[in-house]
> 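Have a look at the structure that comes next, please.
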Amino acid sequence: MTIKLLTIGKTDNSHLETLMNDYQSRLNHYIKFQLEVIPDLKKAKHLSEDQQKQKEGELILNKLKPTDALVLLDENGKQFDSVGFSKYLQKHMNSGIKQLVLVIGGPYGFSKDVYQKAQGKISLSKMTFSHQMVRLFVIEQLYRGFTILKNEPYHHR
């Protein structure tokens, strides 16, 4: 299985970029991982929230293959502790899917079309985090999940 993290807009914080690169290299020891950034919309200030969600949604859906399992990072999604998240990953690997696609949407969330296509939603917290920090948190939790599955000492139980 491959895990792809799709995001809207680039990270402009070099410290976060360094940390994400570190965890991506660690994660690649366990599973094929890819971070794909969809560029910010041009002239987004002239669009309503719904128009922006619709355009971003089209870009997200265009990145998917028919066999992909789409999971949205959404404030109303299911919350896991780290062990529960590792079991969630194992379940997806056991299901035989080729690619699990996790998506961090734009500032206004996802379009109705993206919600309809999604097979699940995950919430990292009830708190609000910057989209740039969420990327780091997701990659770190993926790494943590795989170290838990391998019974490695990164996660202290």
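All values reported here derive from a predicted model rather than from experimental measurement.
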> Do the side chain of D113 and the main chain of G57 share a donor and acceptor less than 3.5 angstrom apart?
no
> Nearest 0.5 angstrom please: K126 NZ to Q79 CD, how far?
5.0 Å
> Can any side-chain N or O of H131 pair as donor or acceptor with the backbone N or O of G105 at less than 3.5 Å?
yes
> Does a side-chain N-to-carboxylate-O contact under 4.0 Å join R144 and E140?
yes
> Would you call the rings of Y30 and F146 parallel, tilted or perpendicular, taking 30° and 60° as the class edges?
parallel
> Could you check whether D50 and Q54, counting side-chain N and O atoms only, form a donor-acceptor pair closer than 3.5 Å?
no
> Could you tell me if the side chain of I97 sits less than 4.5 Å from the side chain of M1, heavy atoms only?
yes
> Donor-acceptor check, side chain of Q51 to backbone of S48, threshold 3.5 angstrom: yes or no?
yes
> Just by distance, do the side chain of T11 and the backbone of N13 share a donor-acceptor pair under 3.5 Å?
no
> For residues F129 and F85: do they belong to one hydrophobic cluster (side chain heavy atoms under 4.5 Å, members Ile, Leu, Val, Met, Phe, Trp, Tyr)?
yes
> Considering only NZ, NE, NH1 and NH2 on the basic side and carboxylate oxygens on the acidic side, decide whether R26 and D22 come within less than 4.0 Å.
yes
> Show every donor-acceptor pair shorter than 3.5 Å between a side-chain atom in residues 62-72 and any protein atom, with sequence neighbours excluded, or say none if there are none.
unit_1	atom_1	unit_2	atom_2	d
N62	ND2	E58	O	3.1
K63	NZ	E36	OE2	2.9
D68	OD1	Q99	NE2	3.2
D68	OD2	K65	N	2.8
D68	OD2	Q99	NE2	3.3

